[in-house]
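Read the structure below first, then the notes.
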Amino acid sequence: MSNGTPTYDAAAVEAARQADWLERRAFDTPAPAEGQAAVYVKPSSPFTSGNLHMGHVRDYAIGDAYVRFRRARGDAVLFGFGFDAFGLPAEMAAIERGVPPAEWVERCGERMLAQMKRLGFSFDYERAFYSSDEEQYRWSQWLFLTLLEAGLIYRDDATVDWCDTCQTTLAALQVEDGRCWRCHNEVRLIRRPTWFLRITPYLEENDRNLERFENWDELSLAAQRYILGRTDGVELDLQVAGGGELTVFTPHEGALGQARFVMLSPRHPEIERWVSGGVVREQLDELRSGGWERSARDAAAVPVIDTGESIALGAAGAGEPLPVLVSPIVDARYGPTAALGMPAVDEADAAIAARVERLSDKAQVEVDPNEAVAVIDAETRPARRYRAFDFSISRQRYWGTPIPVVHCEDCGAVPVAVEDLPVRLPRDVEPTGEGNALGERSDFVETACPRCGGPARRETDTLDCHFDALWLWIPAAVPPEGRSEAMFTHPELRRWLPSERLVAGNDSGGFVFDQRVVTKALRDIGPLDFLRDGEPFAGCLFHEMVIADGRKMSKHLGNVVDPDELVGRYGADTVRLAVLYAAGPAKTLNWTDGALRFASRFLQNVWQYVHGRIAVAAEAPEDPEAAADTAFMRERLAKWCDNGVGRITADLEDLQMHKAVRNVTRLFERIQDFEKRVVKRRGELSRDDADALLEALALLGEMLAPLAPHIAEELLIALRGTDAESAIGPWPQAEAAAERRTVPQAS
Ligand SMILES: [Zn+2]
Ligand SMILES: [Zn+2]
C-alpha cells in the first residue's frame with residue numbers, strides 16, 4: 001500500500017478485537033445501575049445437531065447488531081441463550097455415527113460456540129447452557145410436575161407410527177413414504193397413551209394480548225394468528241331429542257337457514273352421546289386409530305362418519321332435522337367443537353355433503369331466501385373458535401427429559417416427589433433405533449412406588465424437546481450459580497423479564513405460542529406472577545430463512561453455504577454485513593456472492609479511506625482564511641452526519657438492519673463528497689476541514705460498530721488514538737432527531 005496505509009487484514013483485526021473483548025469481559029451481563037434500562041434480548045436456541053448454518057448467522061447477526069446498539073446507547077444488556085440439545089435429530093445423528101447422543105451433543109455445541117465466537121457475536125457465553133444438562137432438565141421435570149398438579153397436563157391416547165421390525169414408535173420425520181427410515185419396512189398406526197399439554201384455558205388471552213403488542217413485527221404476529229386459527233361467528237343451542245342441548249357454531253351468521261347438517265369433532269366432549277350404535281362406534285374407533293390427528297383440511301378426502309342421528313335446528317324445531325356427522329375436518333377448521341354444515345355457502349361443507357348419502361339430494365338444493373327467515377328465531381350469540389388445541393408432549397425416545405412419573409400396579413401413574421428430582425437419564429446409552437433404549441435399562445426402569453413403596457416401573461417415554469423449549473428463555477436470565485436453587489424464583493428474573501426482544505426464525509411461531517401459554521400458567525400458579533400480562537416477550541422480530549439459488553439449502557442439493565468457509569475467506573465482519581444487507585428480515589434471503597462482494601468492497605474502502613485521511617490530516621495546515629471560506633461546507637457535513645445518525649438510529653431501533661447498512665454506506669458517500677468539494681474549492685484540506693472530516697469518520701465508525709464491530713472498533717482506535725474501551729463513545733444523539741424526517745436529503 002502507498003503512504004504506509006495498513007492493509008485490511010480481517011483475520012488479524014478480528015482476532016485482536018475478540019481477544020480484547022475477552023480480556024475486558026466486554027459482554028458479561030451487567031447489573032443495571034439506578035435508572036438504567038435492563039434489556040434482555042433472546043436469540044433463537046440452536047439445536048445441537050450439526051454446525052452453525054447461515055440461518056443461525058442471520059439470526060445472531062440481527063440480534064447482535066441490536067444489542068451492540070443498545071449497549072452503546074447506555075442500556076444494561078443481557079444477550080444469552082441455551083442449546084436445545086434433546087430431541088430426535090440429535091439422537092438420529094448419534095445413531096448414524098455410533099456414539100452416545102450425550103457425546104454428540106457436546107461435540108456439536110462446542111463447535112457451534114467456537115463458530116459463534118469467531119463470528120464475533122457478543123453473547124454472555126458464561127450463561128450458555130444445554131437443555132440436556134441434568135441441572136436444566138431437572139427443572140423441565142419440575143415444570144412437568146407443576147403443570148400436572150395444576151391440571152394442565154393429562155394422559156390420553158394418541159395415534160403414533162409403529163415399525164414392527166424395529167419394535168419402536170416413529171416420529172413423523174422418521175417415516176418416509178410410509179416406510180421406516182431405518183429398515184424401510186412399512187409402518188402402521190397404533191394407539192398408545194401419551195401425555196398432553198392443555199393449552200385451551202389460555203387461547204383467548206393469547207389472542208387478546210396480540211392486540212396490545214407494540215414491538216412485534218408483522219411476521220411474528222401473523223404466525224401467532226395462524227397458530228391460534230381463530231374463526232368468528234355465532235353459536236346456538238339445539239335441542240337434543242332425548243333431552244339436553246348441543247351447542248353448534250357457524251361462521252356464516254346470515255345463512256342459518258342454509259344449514260343442512262351438524263358435524264362434530266371426534267374430540268367433542270359429548271361425542272359418546274352420538275355414537276351409540278355398534279357400527280358407528282366401530283367407525284369412530286377406526287377413524288381414531290387411523291391417525292386422523294394429522295388429517296388434512298381436504299374436505300374431499302377427510303374421513304366422515306354419518307352417525308345416523310339427527311337434530312332439529314331452531315328453538316321451535318323448524319325445518320327438517322339435520323343429520324349429525326363426525327369428522328376431523330371440524331378440528332382442522334374450528335377445533336374440537338360442533339359446527340353447522342352449510343353446503344350452499346361453504347365450499348368445504350358442500351364437498352362433505354356430496355360424500356354423505358343422506359345429504360346427496362338436499363345438498364343440491366338451491367338457496368331459498370324464505371328458508372333463512374324460517375329459522376331466524378333461533379337464538380344466536382356471538383362466538384369464536386380456535387383451531388389451536390392441546391398437544392402431545394411425550395415421545396417414545398431415549399434422548400429426552402425423563403418424565404418424572406412411576407407406574408405402580410396398585411396406585412397407577414404416580415408423580416415423583418419434587419425433592420426426588422432429577423430422575424436421571426442414563427448417559428452411557430448408545431441407541432440403535434431399535435426397540436426402546438430406556439425400557440431395556442432395568443437400572444432405570446425398576447423402582448419403588450413413591451406412594452405405596454411397592455415395586456413399580458418408571459415411565460419410559462421422555463418429554464419432547466418442544467416441552468423443554470417451553471421455558472428455554474428463562475435460564476439465561478438467571479446467573480449460572482443461582483440456577484440449581486432458584487431457577488423459577490430467582491430475583492433477577494424480575495430484572496430481565498419480560499425479554500425486551502425475541503429474534504427468531506419465522507418457523508418459531510409454535511414455540512413462541514406455547515411459551516406464551518406456559519408463561520400465563522406460571523403466572524397463575526405463582527412463580528411468574530410479576531408478569532401480569534403473562535407474556536415472556538415484550539417485543540419480537542421474526543426473520544425469514546436463508547436459501548441459495550432460490551432453493552432451501554441442503555447437502556442433497558449441494559448448495560449449502562458454509563459460514564466457516566466464508567469467514568475464512570472474507571472475515572466475520574464482511575459475512576455479517578453481507579447477511580444484514582442482502583434482505584430485510586421479513587424477506588427470504590436468497591444467498592448470492594453479490595452481497596458478499598458489496599460488503600467486502602465497502603469495508604475495504606472504508607478501511608483505506610480512514611487510514612488515508614488520518615495521514616492527510618496529520619499534514620493539514622492551519623489556514624484561517626480557507627477555514628472561513630469552507631465553513632458552510634463543514635456545516636453541511638454536520639447536517640448530513642446528524643441526519644445519518646437519526647436515520648440509522650431509527651433503523652436499529654426497528655431492527656431493520658438492511659436499512660441501517662444502506663444508510664451507513666450513504667453517510668460514507670457524503671463524507672467523501674465533503675472532502676472532494678473542499679479540495680475542488682481550495683486545493684487541499686485546512687486543519688479545520690481535516691478535523692471535521694476525522695470527526696465525521698469517527699461518527700461513521702460508531703454507526704458501523706453494531707453492524708461490523710471488529711473493523712469499526714479498530715478504525716475508532718486509529719482515529720482517536722486510544723484503546724478500544726475509550727475509543728467507542730456513547731451512541732451519538734442526533735441533534736436534529738426530531739426534524740430528521742423533514743430534513744431534505746442532499747443529492
Ligand atoms: Zn424399522
Ligand atoms: Zn403404589
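We count ligands from 1, going down the list as the structure has it; atoms in each ligand are counted the same way. In what follows, every heavy atom counts, from backbone to side chain, and hydrogens, waters and symmetry copies are set aside. The chain is numbered in sequence order, starting from 1. This structure is a prediction, so every number in the text was calculated from the model and none was measured.
Counting only protein N, O or S atoms, the number found under 2.8 Å from the Zn ion (ligand 1) is 4.
Applying the side-chain hydrogen bond (donor to acceptor under 3.5 Å, both in side chains) test to Asp562 and every residue at least two apart in sequence or in another chain returns nothing.
Rounded to 10°, the angle formed at the Zn ion (ligand 2) by Cys408 SG and Cys449 SG is 110°. Taking the Zn ion (ligand 2) as the corner point, the angle from Cys452 atom SG to Cys411 atom SG is about 110° (rounded to 10 degrees).
Cation-pi geometry between Arg387 and Tyr226 is satisfied (NZ or CZ under 6.0 Å from the ring centre, within 45° of the ring normal).
Salt-bridge annotation for Asp161 and Arg188: absent, with no side-chain N of the basic residue lying under 4.0 Å from a carboxylate O of the acidic one. Using a 4.0 Å cut-off between charged nitrogen and carboxylate oxygen, Arg111 and Glu106 do not count as a salt-bridge pair. Taking a cutoff of 4.0 Å between a charged side-chain nitrogen and a carboxylate oxygen, Arg395 and Asp464 qualify as a salt bridge. We find that Arg333 and Asp349 are joined by a salt bridge, their nearest charged nitrogen and carboxylate oxygen being less than 4.0 Å apart.
Of all non-hydrogen atoms in Ser554 and Asn559, the two that sit nearest each other are N-OD1, 2.9 Å.
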